[in-house]
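Structure, as structure tokens:
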Number of protein chains: 2
Amino acid sequence: MQSTVEVSETALTERQKDVLDAALTLLVEAGDTLTMTSVARRASCSKESLYKWFGDRDGLLTATVQWQASKVRGVPVDPEAFGLTSLTTGLERFASDWLRVLSGTISVALNRVAVGHAGSDKHDLGAIVLENGPFAMARRLKPLLRLGRDTGLLHFQDTDEAFRTFFGLVVRDVQIRLLLGDRFELTEAAIDRDARRATQQFLALYGADTKAAGDGH
Amino acid sequence: MQSTVEVSETALTERQKDVLDAALTLLVEAGDTLTMTSVARRASCSKESLYKWFGDRDGLLTATVQWQASKVRGVPVDPEAFGLTSLTTGLERFASDWLRVLSGTISVALNRVAVGHAGSDKHDLGAIVLENGPFAMARRLKPLLRLGRDTGLLHFQDTDEAFRTFFGLVVRDVQIRLLLGDRFELTEAAIDRDARRATQQFLALYGADTKAAGDGH
DNA sequence: ACGCTGCCGTAACGTACGGTACGGTACGCA
DNA sequence: TGCGTACCGTACCGTACGTTACGGCAGCGT
């Protein structure tokens, strides 16, 4: 009970976490058409409790998104004994983790509701997903990129530009196609292959031993 | 009721086109929250006519998406007197056109509703946008890529893989950030710069004069 | 034992909106 | 002049769902 999971500064009880997990599975199943009644039924709780805990439907959705985001933390890339090998494996691991999360049903469902609510929204789900999705990825990857540059393994001027290129090489059209409902089979093998390919392409563009064609000063 | 409303290959009257344009602007303003009443009011037509012409709300949305798609056709890249210069300018022109469309308010709005309705939908807006978005782009670009390969300017085995890499280099995180509501200023200058950068990076990866690092042997 | 608290289950309320019906008007045509 | 067609404007209906209210129960402190 003392293990309070601080989301922004809300401490969630175990019961509430169960409710949010139920909301997550419903979000995956039914998308944005989930109703307060369906959540209450699935979680075996009363609607009164839902409104008491989360305020309104928007608050429930927001809490659900944040709850999921709080679970994805971690995956640190810590630099020790750094070299081209560890840079490469770091990038590959990052890319494959990312593709795995991105293509997961939960991520697809959450991005769908966030896109649907973007902008016109009290709590602005879009901003929350943006913050815990692309922006969090950037914050996590950039230290590795800077380390690569500082050790002379990478050449670029703008860290953000380098990150965004890596983003493009990794994600390509996968996310938009999944969001638009394209049936997509992303096997474990395909993920690993894509992660290696993206990493090699990135190194070809920004690696020290090649002429950097990417950062057109 | 004999007037079967043909949705694909529909001949639209001018009045109906006006109505769909009104629906488009409402979609941009209000997103998926647009109501039949609001469309009728904005277009100065009766709801009865809306239902007569488009069947139901889903039919109206579908017709609106298709109407917009029918306007974006064109932009042919015709190959004559082909060389590295025309390949480069072709890729750049393609990339900049694409970024311009992608970052437009109409495209963002349509992709939002399509993502929101993806899968769970009678007419499957997601599939329609997918077909007229990424897939149409692929169909348009691939001839240019094949021409580049046939003339020895490009090296790759899988045309689809090459296209998807170009997709990633061009779009990067722009589309998802826009869809999630990130305020984004994509000036004309920035679009041109990005188009050139993406093209140069693509040529660095797949150009004949460089070791192709992209297409896993 | 008594009251308080927290919660479940469900009934009830208000409303927004998709869909339909209907009266009124303009226009073409015999 | 009368009839049919197409359409606008609006009133209307049914329903789904967000939100609230209430009755009942279980646990806990005193």
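Per chain, numbering begins at 1; letters A, B, ... match sequence-line order.
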Are the side chain of Arg149(A) and the backbone of Gln157(A) linked by a donor-acceptor contact shorter than 3.5 Å?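 A pair under 3.5 Å: yes.
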On the nucleotide dC17(D), are OP1 or OP2 found under 4.0 Å from the side-chain N or O atoms that Arg41(A) carries?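 Arg41(A) to dC17(D) OP1/OP2: no side-chain N or O under 4.0 Å.
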Which heavy atom of Leu34(A) sits nearest to which heavy atom of Arg57(A), and what is that distance?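 Closest approach of Leu34(A) to Arg57(A), heavy atoms only: O-NH2, 3.1 Å.
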Whether Tyr206(B) and Phe156(B) hold their rings parallel, tilted or perpendicular, with breakpoints at 30° and 60°: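 Correct class here is perpendicular.
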Aromatic ring pairing Phe94(A)/Phe166(A), orientation class (parallel under 30°, perpendicular over 60°, tilted between):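 Tilted, since the angle between the ring planes falls between 30° and 60°.
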Salt bridge (Lys or Arg N to Asp or Glu O under 4.0 Å) between Glu92(B) and Arg193(B): does it pass, once the steps are laid out? CA-CA 9 Å; Glu92(B) 286 178 357; Arg193(B) 198 178 336 115; over 6 Å; no
Rounded distance in Å - [atom1] ([X]) to [atom2] ([N]):
{"X": "Met36(A)", "N": "dA21(D)", "atom1": "CE", "atom2": "C1'", "answer": "16 Å"}
{"X": "Lys122(B)", "N": "dG18(C)", "atom1": "NZ", "atom2": "P", "answer": "13 Å"}
{"X": "Asp32(B)", "N": "dC17(C)", "atom1": "CG", "atom2": "C1'", "answer": "13 Å"}

Is there a residue in residues 43-61 of chain A whose heavy atoms reach under 4.0 Å of DNA chain D, and which residues are they?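 Going residue by residue through residues 43-61 of chain A, the ones with a heavy atom under 4.0 Å of DNA chain D turn out to be Lys47(A), Glu48(A), Tyr51(A), Asp56(A), Arg57(A).
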Evaluate the salt bridge (Lys or Arg N to Asp or Glu O under 4.0 Å) criterion for residues Arg164(A) and Asp194(B): first the C-alpha distance (whole Å), next the side-chain angles of each, then the deciding distance (0.1 Å), finally the verdict. CA-CA 11 Å; Arg164(A) 295 179 68 201; Asp194(B) 276 354; 5.1 Å; no
